[in-house]
Amino acid sequence: METTQRAGEPGAAERRRRELLEAADRVVLRDGPKASMNAIAAEAGITKPILYRHFGDKAGLYQALAVRHTDALLDSLRAALDAPAERRRRVEATLDTYLAAIEARPQVYRFLMHPAEDSHSAERGFDVGLHSAPLLRRLGEELAEVIGERVDLGPGGERLARIWGHGIVGMMHAAGDWWLGERPCDRAELVTGLTDLLWGRLATAGNRHDGPGF
């Protein structure tokens, strides 16, 4: 039985929270959008009220998992953007990194982006869209920051970088969702097609003289 956290033991509380998120990950990998708080509590070897104590409700758990997976994805995207290669190759690598991530863990992706049609009655009303939209906005802002600090877009460049950042994330999300569901082509073909669509002005824009280059 889990005991109440003592004052002065923040490390133990953080470890326990991480263990519970890892248990939730295992259930999500198995059940996808159908993952329930009951199943997650059982996987963690605790009661459902204890799970609520840590996360509040399924929305709280969802948010914690979204942050966990978004952080990891952003780290991978930044690594692709910083790779020593010419610009088009880095654009392709960044798109491929995103698509590879959702392909490798499709159940996690579906849990984060798609509601379960037959969710348990106690969990009905959980609005995935309400929580996935901030996740996509965060990705858009992060990408906008990368573009803005690297590419010389001239007057209004900061605003244009945000347009591009959110537009690219929207494109990746919509195309990736369609591709993951239908598999109409292999990943490499999709990456090439999306890069061709993006290339336009990005191919001709210069690097910022005070930035790390792109």
Side-chain angles (χ1 to χ4, degrees), residues 1-82 94 96-143 169 172-173 176-177 179-181 187:
M1 177 67 69
E2 184 167 299
T3 57
T4 302
Q5 178 64 39
R6 295 176 185 173
E9 293 183 345
E14 251 334 285
R15 280 197 303 275
R16 188 58 177 139
R17 183 179 172 86
R18 186 167 58 249
E19 289 168 358
L20 293 176
L21 285 173
E22 288 168 357
D25 260 343
R26 291 193 294 272
V27 175
V28 170
L29 281 169
R30 184 187 71 219
D31 298 342
K34 296 179 182 179
S36 68
M37 295 291 274
N38 282 329
I40 292 167
E43 177 69 23
I46 60 174
T47 63
K48 194 172 175 181
I50 291 175
L51 192 59
Y52 282 136
R53 185 194 306 165
H54 285 274
F55 299 103
D57 54 16
K58 190 174 183 180
L61 177 62
Y62 172 95
Q63 184 176 22
L65 284 171
V67 168
R68 176 184 174 95
H69 287 287
T70 304
D71 284 349
L73 177 59
L74 283 169
D75 286 344
S76 297
L77 293 176
R78 289 190 192 103
L81 285 165
D82 288 335
T94 302
D96 189 62
T97 295
Y98 173 82
L99 294 169
I102 67 173
E103 182 180 35
R105 307 189 85 189
Q107 290 288 62
V108 172
Y109 170 79
R110 292 183 181 109
F111 175 82
L112 293 176
M113 294 298 179
H114 294 285
E117 294 180 358
D118 57 346
S119 59
H120 297 272
S121 59
E123 295 170 6
R124 283 181 188 148
F126 173 65
D127 185 353
V128 170
L130 180 66
H131 302 282
S132 60
L135 185 159
L136 293 172
R137 282 199 297 271
R138 182 184 171 200
L139 287 173
E141 288 294 330
E142 292 275 353
L143 185 54
V169 166
M172 286 196 306
H173 170 60
D177 195 80
W179 172 75
L180 194 63
R187 199 171 80 220

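Starting from 1, each residue takes its place in the sequence as its number. Quick caveat, the model's predicted, so the values are computed rather than measured.
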Suppose we screen for salt bridge (Lys or Arg N to Asp or Glu O under 4.0 Å). Which residues come up paired with Asp71, at least two apart in sequence or across chains? Arg138
If you look at every heavy atom in Leu51 and Ile46, which pair is closest and at what distance? N-CD1, 3.8 Å
Restricting to salt bridge (Lys or Arg N to Asp or Glu O under 4.0 Å), what partner residues turn up for Glu19, sequence neighbours left out? Arg16
All heavy atoms of Thr97 vs all of Ala80, minimum pair found to be OG1-CB, 3.7 Å
Using side-chain heavy atoms (C-beta onward) and a distance below 4.5 Å, is Leu112 in contact with Thr70? no
In Å, rounded to the nearest 0.5 Å, how long is the span from CG of Leu77 to CG of Leu143? 8.0 Å
side-chain contact (heavy atoms from CB on, under 4.5 Å), that's the test. Do Phe55 and Leu21 meet it? Break it down for me. CA-CA 10 Å; Phe55 299 103; Leu21 285 173; 3.9 Å; yes
Matching residue for Met113 among Leu180, Ile102, Leu136 - test: side chain to side chain contact (heavy atoms under 4.5 Å, CB included): Leu136
Could you give the distance from OG (Ser36) to CG (Leu61), rounded to the nearest 0.5 Å? 10.5 Å
Out of curiosity, Met37 CE to Asp57 CG, how far, rounded to the nearest 0.5 Å? 6.5 Å
Which heavy atom in Arg78 sits nearest to a heavy atom in Glu142, and how many Å separate them? NH2-OE1, 2.7 Å
Work out which heavy atom in Trp179 is nearest to a heavy atom in Leu99; give both atom names and the distance. CZ3-O, 4.0 Å
Looking only at heavy atoms, the pair that brings Gln107 and Pro33 closest together is OE1-CD, 4.2 Å
Under the rule for side chain to side chain donor-acceptor pair (under 3.5 Å), what residues qualify as partners of Asp82, not counting sequence neighbours? Arg150
Please state whether the rings of Phe111 and Tyr62 are parallel, tilted or perpendicular, taking 30° and 60° as the class boundaries. tilted
Applying side-chain contact (heavy atoms from CB on, under 4.5 Å), can you list everything that pairs with Asp25, at least two apart in sequence or on another chain? Leu65, Arg68, His69, Arg105
Which is it for Tyr98 and His173 under the side-chain contact (heavy atoms from CB on, under 4.5 Å) test, yes or no, and what are the steps along the way? CA-CA 9 Å; Tyr98 173 82; His173 170 60; 4.0 Å; yes
Partners passing side-chain contact (heavy atoms from CB on, under 4.5 Å) against Glu43 (at least two apart in sequence or in another chain): Ala23, Arg26, Val27, Arg30
